[in-house]
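One structure is given here, and the rest of the page talks about it.
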Amino acid sequence: MPEYVEFQLEGKCVRLPIIEGTAGEKAIDISTLREQTGYITLDSGYGNTGSCESDITFIDGEQGILRYRGIPIEELAEKSSFVETAYLLMFGHLPTGTELHQFSKLLTENELIHEDMKYHFEGFPSNAHPMAILSSMINASGCFQPQMLAAHSRRTFDLHAARLVSQVRTIAAFAYRKSHGLPIIYPKPIYKYSANFLHMMFSEPYCDYELKPEVVRALDLIFILHADHEQNCSTSTVRMVASSRASLFAGAAAGVCALWGPLHGGANQAVLEMLKKIYEDGDDGTKFIAAAKDKKSKNRLMGFGHRVYKNYDPRARIIKQRCHELLDALKIDDPLLEIALNLEKAALTDPYFVERKLYPNVDFYSGIIMQAIGIPVEMFTVIFAIGRMPGWIANYRETIEDRNSRIYRPRQIYQGSPLRHYVPIADRETK
Ligand code: CMC
């Protein structure tokens, strides 16, 4: 492979270095292009732009490969737990037994939010979307840990990172309970990560929620599959915030906001709403597919397509399989699964979807599992956010620890009015 690329621009020879990643991905480092030529590159939606070099997650979208710190997602889904996967992402290696024990202990010790934070929940209207509550409360929780604003020692960072991983599920469960007028349920130290979340969501003060192992395991799997996905919209947002050296809590709160949109994490809610609508309309999916192909209709087949995957999203394959297993175990006959299977079958043989390489993504089947677990639809994207926290933390840390990291500051090509001068209001023409 050549070490640099050379080309002529306006009679000048331009030389740019070539970078190669450990999995053979190649990039042209254009960081001196403007200095050499006066030109910048333009890449709407950053589809062809690498914003950083990273050690965390690898995706090969053409082949449908996803690895966290080098380990295939299929192996983690089968053998790991969410807490172990979180450790892997945040610290770069699988923990030893002692490391895992210490990390789990740290999560347990930090599962309670500051008691005064409970009053903040009161201020939200009862119909507030839990993603709005989650983002606000993560930012608010930073105010209860002001040391974080100045904390850049590894030890303090690790402590705050563990707090965030642990408390995001407490905040999420409290948000759900408050928005339904239900009493808050405190975490129980005897429960592991996912079981504790289910307990805080569904127990009552007078009766503990019955924890079924297959349900706990399914939720843990959902968290694992969402734990990181390299430079997507929300992770890039977190890195953007980190690059300005705002706190980890500010970065995570911003990540939640970016994740909320229906083209990103909000797609899991949008998929279930789409499936319900298809069901209520008595459609088997045929009419909806036709509408999704019609550019005038603005409908999209939610849970389909991906910027990076031009093949089956490996997470969707794992979730689809677990979806069947969980519904069988719980003896649930969900007509929405039938519709989803029909939609997938139709889309995968339809030239519109085939030509554009549109396959099911992680959100296509995750809503059906979450519904079977009993999670309300408005909490789906919150579940995604809980799972994504270790990935955001790993990316935040990588940004602030990179000695060459500069504040993220893209350029633009201005297409507005050329120079014109201020006109006093009395002299302006009325339109
Ligand atoms: N249904 C119908 N047409 C689609 C879809 C879809 N779901 N996705 C893409 N297309 C078409 C799009 O109209 C365009 O067609 P044309 O070339 O004729 O203009 C072509 O496929 C390329 O689409 P794009 O919007 O340029 O692709 P993108 O890389 O900018 O967007 C996406 C990726 C995920 C936003 C998009 O596929 C989409 O909106 N999917 C539905 C929402 C969704 O499921 N989002 C979750 C993504 S995975 C999890 C996550 O990131 O959080």
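Counting starts at 1 for both ligands and their atoms, in listed order. Predicted model only: the values in this text are computed from it and were never measured.
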Mode of K295 contact toward ligand 1 - side chain, backbone, both, neither (heavy atoms, under 4.0 Å): side chain
Test item: S141 and I113 side chains (from C-beta on) under 4.5 Å apart, heavy atoms: no
Cation-pi check, R300 onto F304 ring (under 6.0 Å, within 45° of axis): no
Polar contact flag for F384 and ligand 1 (N/O pairs, less than 3.5 Å): no
Which residue and heavy atom of the protein sit nearest atom 1 (N) of ligand 1, plus the separation: L301 N, 3.0 Å
Main-chain N/O of A372 paired to D334 side chain as donor or acceptor, under 3.5 Å: no
Side chain E62, main chain Y309, donor-acceptor under 3.5 Å: no
Proximal atoms of ligand 1 relative to A292 (non-hydrogen, under 4.0 Å): 2 (C)
Distance-only N or O hit between ligand 1 and M302, under 3.5 Å: no
E74/R317 salt bridge by N-O under 4.0 Å criterion: no
Short side-chain to backbone donor-acceptor contact, D281 and D283, under 3.5 Å: no
G64 backbone acceptor or donor facing D60 side chain under 3.5 Å: no
Taking atom 45 (N) of ligand 1 as the reference point, the nearest protein heavy atom with its distance: L263 O, 3.0 Å
Min heavy-atom dist Y352 to ligand 1 below 4.0 Å: yes
Structural part of N361 in contact with ligand 1, heavy atom criterion under 4.0 angstrom: side chain
The single option from K105, K188, R169, K192 passing salt bridge (charged side-chain N to carboxylate O under 4.0 Å, His left out) against E111: R169
Numbered atoms of ligand 1 (with element) below 4.0 Å of D363, judged on heavy atoms: 46 (C), 48 (S), 49 (C)
Donor-acceptor under 3.5 Å (K298 side chain, D294 main chain): no
Polar side-chain atom of D43 near backbone of T49 as donor-acceptor pair, under 3.5 Å: yes
Candidate with minimal heavy-atom separation from atom 44 (O) of ligand 1, of G265, G303, A347, A291: G303
Option set R307, H226, R356, criterion heavy-atom distance to atom 28 (P) of ligand 1, minimum: R307
Any protein heavy atom nearer than 4.0 Å to atom 15 (O) of ligand 1: yes
Side chain T32, main chain E35, donor-acceptor under 3.5 Å: no
Identity and distance of the protein heavy atom lying nearest atom 40 (N) of ligand 1: F304 O, 2.9 Å
Heavy-atom nearest neighbour of atom 50 (C) of ligand 1 within options K357, M274, H264: H264
Ligand 1 contact on N232 by region, counting heavy-atom pairs under 4.0 Å: neither
Ligand-side contact atoms (ligand 1) for residue partner A267, heavy atom cut-off under 4.0 Å: 43 (C), 44 (O), 45 (N), 46 (C)
For atom 9 (C) of ligand 1, the protein heavy atom that lies nearest, with its residue and separation: L358 CD2, 3.5 Å
Atom 22 (C) of ligand 1 protein-contacted, heavy-atom criterion under 4.0 angstrom: no
Protein contact to atom 32 (C) of ligand 1 [nearest heavy atom, distance to 0.1 Å]: R300 NH1, 4.4 Å
